[in-house]
Protein chains: 4
Amino acid sequence: MAKDEAPTRIQRDRRRRIREAGLEVFSAKGFRGATVDEIAQAAGLSKPNLLYYFATKEAIYTDLLARLLKAWLDPLRALDPEGEPMAELLAYVRRKLHLARDFPRESRLFAGEILRGAPLMGADLSGDLRRLVDARAGVIAGWMATGRLAPSDPHHLIFSIWALTQHYADFEVQVRAVLGDVRDPWAEAERHLVTHFTRLLTPLVAI
Amino acid sequence: MAKDEAPTRIQRDRRRRIREAGLEVFSAKGFRGATVDEIAQAAGLSKPNLLYYFATKEAIYTDLLARLLKAWLDPLRALDPEGEPMAELLAYVRRKLHLARDFPRESRLFAGEILRGAPLMGADLSGDLRRLVDARAGVIAGWMATGRLAPSDPHHLIFSIWALTQHYADFEVQVRAVLGDVRDPWAEAERHLVTHFTRLLTPLVAI
Amino acid sequence: MAKDEAPTRIQRDRRRRIREAGLEVFSAKGFRGATVDEIAQAAGLSKPNLLYYFATKEAIYTDLLARLLKAWLDPLRALDPEGEPMAELLAYVRRKLHLARDFPRESRLFAGEILRGAPLMGADLSGDLRRLVDARAGVIAGWMATGRLAPSDPHHLIFSIWALTQHYADFEVQVRAVLGDVRDPWAEAERHLVTHFTRLLTPLVAI
Amino acid sequence: MAKDEAPTRIQRDRRRRIREAGLEVFSAKGFRGATVDEIAQAAGLSKPNLLYYFATKEAIYTDLLARLLKAWLDPLRALDPEGEPMAELLAYVRRKLHLARDFPRESRLFAGEILRGAPLMGADLSGDLRRLVDARAGVIAGWMATGRLAPSDPHHLIFSIWALTQHYADFEVQVRAVLGDVRDPWAEAERHLVTHFTRLLTPLVAI
DNA sequence: AATGAATGAGTGTTCATTCAT
DNA sequence: GATGAATGAACACTCATTCAT
């Protein structure tokens, strides 16, 4: 496979299928629990053929993580400093929740990596991630300073949004076990979180 | 080891050491990523000797999980239906956060199991866990109904507490990567979460 | 296998058998051509059991090489600076030839490693080996300077002895192919080399 | 490639390039250590394209060996029965040494094959090779019988020339490790070997 | 109660060769 | 002629578990 050439249609297709299969298996079993054989089967390829497109098991995994981090941060990037603060933050909460709802495997893949101490993406966390969070935390701090949001620590506010939205994807079995089969966790979560953050961020009006 | 006899002091000691070693390794690497060899070494035992006390690798893991779940739910059990609602809930938040702070490995072990779909403790979730949560949710709902707490869905409120406290243990590397080396995540978290839940749960006073 | 403890009888036995099997296979097929399976079979062990005694294929190979180099240099070490020069050198030639005759697999193993550029024992060559050769070359140069041996370059004289003795082991198939089945290469070689070096080293007497 | 047709210029060129690449890789790593991929890359061809010109890896290897043997024996063929014995033999030594110096990869390729027991050229050794050596040995024996050379076994004399000249190519790393970086092994070897064989072959004059 | 020894079933990866275009 | 794609057969090494003492 000529590495420097433009990928052919087949290459793009196979790599996409391998990524999809890898996501399925890695998110369900973790890096160590996944086997190349299983991923290859899920991708409809023979094991050596899979390794023709991704040289190692780790290569599939890190490729997934790298793409994931980008998508994961997009909603935060979309936070508009010029927007109306409360609307911006609620929109962020919603976008993040929808991301977790629509891409739960990605969420779990990411959670698993962090849980193990981020052995393969540690650098990204203190690099891109940190820079972006710091920048947005500054914006939020500005909004709070001018009284348009109730004051709190912006970094921890962001952590809260992450924790509360991802919880529904990462701990899905627990949520379902507790709520039972009838209720709709995601719909309830959205209503609850919107109320939650509205109440949390609405500045108190002096009487 | 005569299974039906009372365990000797040595047996209790060995099993404790194996559990401690298993917790260390399983929480860091997951079930599949951990090797019996590594656990035996951490426990200061030979591999066959370890397997004399716990017949299989899985036995160590499930033993840890079973004990863990109990400890994990104790703070929720301690929620006093007769107590002052706001104080009770804030105390619960604090206890849960301290648990995560003081036993981060247990938190990660649990998170890993749930993340993978709880293959080995699925039953416990819809059993003991669900019953306890339902009971406490009922208590909280009562408090809200009488206007002593701002109204919201009690189940999701409990999820929020879980998500927000465990986040600091389970995603510790990410939290540290974002906050940098100088700040003290746990102290900040406590302050932030107390404010957070106070604001959230304080009923609006009609003017 | 406790690495720091004294080896048990079984360990010594198994390791000896593995070395013997490794020598047989590596000398015949080279490092890359040999398979762990084949060595294990030759040693009468299962593959994982072999790897219980030597962690990797390379470990067997380098263990063999290290022991080999020592044995290989012993005859040179035995060269006595106080002895009678001609007798000492002829004794060295004989000893080296007998070594090649009695341990042809060791000779081929060594030759194979050197032939490939000594990827795994390069350091030893410019270390121990070089020091010893330099020392002995000095002794021989002394003998030549006092007229007790015909003069020549001592380093190249040593190379000659190596080349001529090892040739009969390393190129054995060629020697046998040329000489046919009836002749006895080793006996002829000994006679020929003694004559050869006697003639070569006898100082010319001034008439 | 129509096998029965005369090869085109392109075909000749490609096969030459493959041979050159094969020589480079095979001589450095041996048959088993070499990969078709590496040879193809060295030849600037794709792997399937290389296999279009030589059907198998072995085909490249045996092609090289066959051509090599011919070239290897040319200096011996050039030994002129009508020439002056001492001059002829010294010329042979020189030619053989220059061959080793100028074509060390060929020498190592050959040495590797013999070392492994000549699995792919065993027949050639007891065929062409033996016939030629026997013939030349007869010539040398004649020279010795008439007193124009010091007597010795002609076959072993030929082995000596082979061993001493090829040693500098096949064991080059060892020679360089012992001599250090400053000395010029090939120049020294030539001087040494000429002296060596002159002394060896000069008949003793009865006084 | 303890451990050195042993192994069957994997597990990621390599590689010569073939297929299809 | 040329190459991207595919694969069967290996191959080195791992690991949970069992055996023997």
Side-chain angles (χ1 to χ4, degrees), chain A residues 1-3 5 7-11 13-14 31-40 44-60, chain B residues 1-2 8 10-11 14 31-40 45-60, chain C residues 1-2 5 7-11 13-14 31-40 44-60, chain D residues 1-2 8 10-11 14 31-40 44-60:
Chain A
M1 188 170 36
K3 308 246 160 180
E5 316 269 331
T8 65
R9 213 173 322 112
I10 286 191
Q11 281 176 28
D13 168 65
R14 297 289 189 276
F31 181 73
R32 287 289 302 265
T35 70
V36 174
D37 245 333
E38 197 179 359
I39 299 173
L45 298 173
S46 71
K47 191 161 51 157
N49 198 16
L50 178 149
L51 292 167
Y52 173 73
Y53 291 102
F54 284 90
T56 64
K57 178 183 171 184
E58 195 179 302
I60 310 172
Chain B
M1 181 173 45
T8 66
I10 283 191
Q11 283 175 17
R14 295 284 191 279
F31 181 71
R32 286 291 303 266
T35 71
V36 173
D37 242 333
E38 199 178 358
I39 299 173
L45 297 173
S46 71
K47 195 163 41 162
N49 199 16
L50 178 148
L51 290 167
Y52 172 78
Y53 291 103
F54 285 89
T56 65
K57 178 183 170 182
E58 194 179 302
I60 311 171
Chain C
M1 187 170 36
E5 316 267 332
T8 66
R9 215 172 321 113
I10 285 190
Q11 281 175 26
D13 169 63
R14 297 288 190 278
F31 181 74
R32 287 289 302 268
T35 72
V36 173
D37 245 333
E38 197 179 359
I39 299 174
L45 299 172
S46 72
K47 189 162 50 163
N49 197 18
L50 178 150
L51 291 167
Y52 172 73
Y53 292 101
F54 284 90
T56 64
K57 178 183 170 181
E58 194 179 302
I60 311 172
Chain D
M1 181 173 44
T8 66
I10 285 193
Q11 283 175 17
R14 294 284 191 278
F31 181 72
R32 286 290 302 265
T35 71
V36 173
D37 243 333
E38 200 178 358
I39 299 173
L45 298 173
S46 71
K47 195 162 43 161
N49 199 16
L50 178 148
L51 290 167
Y52 172 78
Y53 291 102
F54 285 89
T56 65
K57 178 182 171 184
E58 196 179 300
I60 311 172

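Numbers restart at 1 for each chain; the letters A, B, ... are given by sequence-line order, proteins then strands.
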Original post:
Of C:P48 and A:L51, whose closest DNA chain E nucleotide lies nearer the 5' terminus?
Top reply: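 Mapping each residue to its closest nucleotide by heavy atoms, the 5'-most match is C:P48.
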**OP:** Identify, between A:E58 and D:E58, the residue whose nearest nucleotide on DNA chain E lies closer to the 5' end.
**Re:**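 Mapping each residue to its closest nucleotide by heavy atoms, the 5'-most match is A:E58.
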Determine: side-chain N/O of [X] to OP1/OP2 of [N], distance under 4.0 Å, yes or no.
X	N	value
B:T35	F:dT14	no
C:R14	E:dA6	yes
C:Q11	E:dG4	no
C:Y52	E:dA5	yes
D:Y53	F:dA2	yes
D:S46	F:dA5	no
C:R32	E:dC15	yes

**OP:** Compare every heavy atom of D:V36 with every heavy atom of D:L50, then report the nearest pair and how far apart it is.
**Re:**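 For D:L50 and D:V36, the tightest heavy-atom pair comes out as CD2-CG1, 4.0 Å.
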**OP:** Quick one: closest heavy-atom pair of B:A55 and B:A59, and the distance?
**Re:**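 That closest heavy-atom pairing would be N-CB, 4.3 Å.
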Whole angstrom value for the distance that separates [atom2] of [N] from [atom1] of [X]:
X	N	atom1	atom2	answer
B:N49	F:dT18	CG	C1'	15 Å
B:E38	F:dA16	CD	C1'	14 Å
D:D37	F:dA5	CG	P	14 Å
A:I39	E:dT13	CD1	P	10 Å

Original post:
What's the closest nucleotide to the A:K57 side chain, out of E:dT13, E:dT17, F:dC13?
Top reply: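 Per side-chain heavy atoms of A:K57, the pick is E:dT13.
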**OP:** Quick one: pull up NZ in D:K57 and OG1 in D:T35 and give me the separation to the nearest 0.5 Å.
**Re:**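 With rounding to 0.5 Å, NZ (D:K57) is 7.0 Å from OG1 (D:T35).
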Original post:
Now, which nucleotide makes the Watson-Crick or G-U wobble pair with E:dA20, with each of the two distances under 3.5 Å?
Top reply: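 The answer is F:dT3, by the H-bond criterion.
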